[in-house]
2 protein chains.
Amino acid sequence: MRYLVYPVQGNDTSVYKSVYLPMTCTNVITNLSRHISLTKEECDLISSKVRQVELKRKKVIIHEGQVAKDVAFVLSGCLRSYSVDDNGFEHILQFAPAEWWITDMYSFIAQQPAYLTVEAITDSEIALLSRKDQLDLFDQIPKLERYFRILTENSLVGTRQRLIDNLSLTAKQRYENFCNLYPSLINEIPQKLIAEYIGVTPEFLSKMRTQLLRSR
Amino acid sequence: MRYLVYPVQGNDTSVYKSVYLPMTCTNVITNLSRHISLTKEECDLISSKVRQVELKRKKVIIHEGQVAKDVAFVLSGCLRSYSVDDNGFEHILQFAPAEWWITDMYSFIAQQPAYLTVEAITDSEIALLSRKDQLDLFDQIPKLERYFRILTENSLVGTRQRLIDNLSLTAKQRYENFCNLYPSLINEIPQKLIAEYIGVTPEFLSKMRTQLLRSR
DNA sequence: CTGTTTTCTTAATCTATGTTATTGGTTACT
DNA sequence: AGTAACCAATAACATAGATTAAGAAAACAG
């Protein structure tokens with residue numbers, strides 16, 4: 001399975017929760033505990049640094065051109081990161097359903113202006129951790145650094161793999177990749193956004209889908 | 001200038017040196033000194049860890065599937081990193097003319113099996129630094145860590161920008177981008193490789209080039 | 001609940017890029 | 001030097017995917 005490049009993001013175990021259902025929020029600690037063992041004190045310390053926030057649909061948390069102060073963990077709902085090209089077209093780099101992390105990784109790490117915008121696709125609840133608090137936590141809980149280091153490495157590999165895929169795969173294959181990586185999103189977000197992610201027009205995605213349906 | 005994303009790699013100052021000319025090798029220390037100030041002792045320490053190697057054309061230094069032990073600094077000649085897709089087509093991720101660094105960044109950092117192959121395009125001279133020696137140097141010369149951290153961040157941004165470019169630009173624009181990023185390579189490496197980099201067939205690149213020539 | 005906006009589908013047409021094949025020119029091998 | 005292997009150019013033809021347009025369905029806001 002070439003596409004499970006985000007092991008610590010729990011995309012294999014999580015089930016997308018529609019915003020129309022009552023939300024049962026996983027919190028950051030529960031997710032972290034699945035990957036590293038934490039004492040009660042460490043959990044409390046992390047909790048004290050994390051700010052829980054409710055986000056309305058279309059609300060932006062990372063703005064292009066500004067430094068990304070925070071990395072966000074999605075408790076419920078779904079966010080996306082994208083860049084806008086010179087013709088005004090948006091290109092989606094990543095989706096983040098429940099239990100995924102999202103930010104402009106470069107901006108967050110280097111504390112340089114972001115190239116990306118990060119925005120809620122649906123009403124969502126997220127947990128925010130600032131770069132400063134993150135670095136403080138690394139000092140006090142060294143094993144956390146490993147967790148985030150792997151997260152960053154996966155982000156690097158994921159981006160690189162998508163570049164290679166865009167150079168070598170057809171639109172249909174890229175759509176299948178999307179379905180494997182984000183199974184929970186297929187029927188939950190506008191197709192328009194899926195088209196933006198795989199790099200085709202919404203019209204062409206619609207055509208592909210009817211072809212895929214008929215061939216079954 | 002959106003494309004100068006490798007500031008510490010000196011691509012703006014370096015001139016590609018043909019392998020047919022006598023080689024005047026810049027060494028690693030000279031390059032590092034341009035970005036951070038080093039004492040005599042620190043220079044000697046770094047020199048003691050760096051192994052200078054001559055590479056014949058087509059010689060591979062990082063093998064897909066094996067852990068990338070080293071990061072390479074190109075003294076003369078040119079290398080490339082690429083991945084091979086399921087149909088046997090090669091896709092070039094990066095070129096490294098003189099004064100650029102190259103490796104499978106993910107494999108090198110995470111010490112996991114590489115997805116990429118790194119190979120000499122022309123007879124080259126390179127300087128190799130192992131991951132272990134690099135980490136030792138970080139302990140003894142902390143400012144080196146900053147230098148390599150920025151290198152890694154630029155690799156992240158560069159890959160991401162290429163992904164966005166492949167989603168939003170035409171082949172002609174991507175060729176122009178290549179020319180800006182690697183001006184020294186345009187007439188020095190086979191066009192076939194340039195085509196692989198920008199993601200078109202060699203035939204189509206040839207067609208584009210005659211169009212560009214006629215339009216001037 | 002209703003009018004407005006957004007999204008999805010379908011179809012006709014168009015275009016950028018791929019494919020295949022041929023030719024001639026370089027470079028490498030012995 | 002001679003042959004093999006590779007590389008660039010060109011052209012005719014093929015196709016994946018874009019564009020445009022229009023109507024239907026869904027989602028949203030007041």
Side-chain angles (χ1 to χ4, degrees), chain A residues 18-21 55-59 77-78 80 82 85-92 119-124 165-178 185-215, chain B residues 18-20 56-59 77-78 80 85 87-92 119-123 165-179 185-215:
Chain A
S18 159
V19 293
Y20 303 113
L21 296 174
L55 272 190
K56 283 285 169 203
R57 194 168 95 89
K58 299 209 173 175
K59 195 76 192 287
C78 185
R80 65 175 173 137
Y82 63 92
D85 71 25
D86 297 340
N87 301 316
F89 290 104
E90 294 177 1
H91 302 281
I92 296 181
E119 174 186 302
I121 295 178
T122 63
D123 292 351
S124 305
D165 287 354
N166 274 279
L167 291 169
S168 60
L169 302 182
T170 65
K172 197 176 285 184
Q173 291 170 316
R174 296 201 304 273
Y175 178 62
E176 282 161 2
N177 283 172
F178 165 86
L185 297 185
I186 302 173
N187 299 308
E188 295 297 328
I189 64 174
Q191 275 185 48
K192 206 188 127 185
L193 296 183
I194 302 177
E196 267 169 41
Y197 177 88
I198 63 177
V200 295
T201 57
E203 293 85 353
F204 188 66
L205 175 57
S206 176
K207 191 196 262 182
M208 282 197 304
R209 278 167 54 97
T210 57
Q211 277 170 15
L212 282 172
L213 280 177
R214 280 185 195 144
S215 71
Chain B
S18 159
V19 292
Y20 304 113
K56 283 284 168 203
R57 195 168 96 88
K58 299 209 172 173
K59 196 76 193 285
C78 185
R80 65 176 174 137
D85 72 25
N87 301 315
F89 290 104
E90 294 177 1
H91 302 281
I92 296 183
E119 175 186 301
I121 295 178
T122 63
D123 293 351
D165 287 354
N166 274 279
L167 291 168
S168 61
L169 303 183
T170 64
K172 197 175 286 184
Q173 292 168 316
R174 297 200 304 274
Y175 178 62
E176 282 160 2
N177 283 174
F178 165 84
C179 294
L185 297 185
I186 303 173
N187 298 308
E188 296 296 327
I189 64 173
Q191 274 187 48
K192 207 187 128 186
L193 296 183
I194 301 177
E196 267 170 40
Y197 178 88
I198 64 179
V200 295
T201 57
E203 293 84 351
F204 188 67
L205 175 57
S206 176
K207 192 194 262 181
M208 282 198 303
R209 279 167 53 97
T210 58
Q211 278 171 15
L212 283 172
L213 282 176
R214 281 187 194 142
S215 72

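Everything numeric here is computed off the predicted structure, so don't read it as measured data. In what follows, chains carry the letters A, B, and so on, assigned in the order in which the sequence lines appear, proteins first and then strands, with residues in each chain numbered from 1.
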K.L.:
Within the sub-3.5 Å range, which N or O atoms of nucleotides 11-13 of chain D have a protein N or O partner, and how far apart are they?
P.N.:
none

K.L.:
Test of understanding: with ring-ring contact (aromatic ring centres under 6.0 Å, His included), list the residues that count as partners of B:Y175, not counting sequence neighbours.
P.N.:
none
K.L.:
Applying side-chain contact (heavy atoms from CB on, under 4.5 Å), name anything that partners A:S206, two or more places apart in sequence or on another chain.
P.N.:
none
K.L.:
Could you state the atom-to-atom distance from CE of A:M208 to C1' of D:dA18 in whole Å?
P.N.:
13 Å
K.L.:
Specify the separation, in whole Å, of atom CG of B:L167 and atom P of C:dA16.
P.N.:
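From B:L167 CG to C:dA16 P: 19 Å.
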K.L.:
How many whole angstroms separate atom OH of B:Y175 from atom P of C:dT17?
P.N.:
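Computing the B:Y175:OH to C:dT17:P distance gives 15 Å.
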K.L.:
The criterion is ring-ring contact (aromatic ring centres under 6.0 Å, His included); which residues satisfy it with A:Y82, sequence neighbours excluded?
P.N.:
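Listed in chain order: nothing, the list is empty.
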K.L.:
Nearest of D:dA18, C:dA16, C:dT10 to any side-chain atom of A:F204?
P.N.:
D:dA18
K.L.:
Would you please name every residue forming a side-chain hydrogen bond (donor to acceptor under 3.5 Å, both in side chains) with B:E90, sequence neighbours left out?
P.N.:
B:R80
K.L.:
Just jot down the salt bridge (Lys or Arg N to Asp or Glu O under 4.0 Å) partners of B:K56, sequence neighbours excluded, or say none.
P.N.:
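Expected list: B:D123.
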K.L.:
Rounded to the nearest 0.5 Å, what separates atom CG in A:L55 from atom CD1 in A:I121?
P.N.:
12.0 Å
K.L.:
Which whole-number value in Å describes the distance from A:K58 NZ to D:dA27 P?
P.N.:
15 Å
K.L.:
Could you state the atom-to-atom distance from NZ of A:K56 to C1' of D:dA29 in whole Å?
P.N.:
13 Å
K.L.:
Report the distance from atom CZ of A:R209 to atom P of C:dA11, rounded to the nearest whole Å.
P.N.:
17 Å
K.L.:
If you take any heavy atom closer than 4.0 Å to DNA chain D, which residues from residues 191-202 of chain A end up in contact?
P.N.:
A:G199, A:V200, A:T201
K.L.:
For B:N187, what residues pass the side-chain contact (heavy atoms from CB on, under 4.5 Å) criterion, not counting sequence neighbours?
P.N.:
none
K.L.:
Has B:T122 got a side-chain atom pairing as donor or acceptor with B:C78's backbone, closer than 3.5 angstrom?
P.N.:
yes
K.L.:
What distance separates A:N177 CG from A:I198 CD1, expressed to the nearest 0.5 Å?
P.N.:
9.5 Å
K.L.:
Using the C1' atoms of five pairs at each end, what's the angle between the two axes of the helix from C:dC1-D:dG30 to C:dT23-D:dA8, to 10 degrees?
P.N.:
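Result, rounded to 10 degrees: 50°.
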K.L.:
Atom CD1 of A:I186 and atom P of C:dT7: how far apart are they, to the nearest Å?
P.N.:
19 Å
K.L.:
Check side-chain contact (heavy atoms from CB on, under 4.5 Å) between A:T201 and all other residues, then give those that pass, not counting sequence neighbours.
P.N.:
A:E203, A:F204
K.L.:
Tell me every residue that passes side-chain contact (heavy atoms from CB on, under 4.5 Å) with A:K172, counting only those two or more places apart in sequence or in another chain.
P.N.:
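With sequence neighbours excluded, A:K172 shows a side-chain contact (heavy atoms from CB on, under 4.5 Å) to A:T170, A:E176, A:M208, A:Q211, A:L212, given in chain and number order.
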K.L.:
To the nearest Å, how far apart are B:I189 CD1 and C:dT27 P?
P.N.:
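In whole Å, C:dT27 P and B:I189 CD1 are 16 Å from each other.
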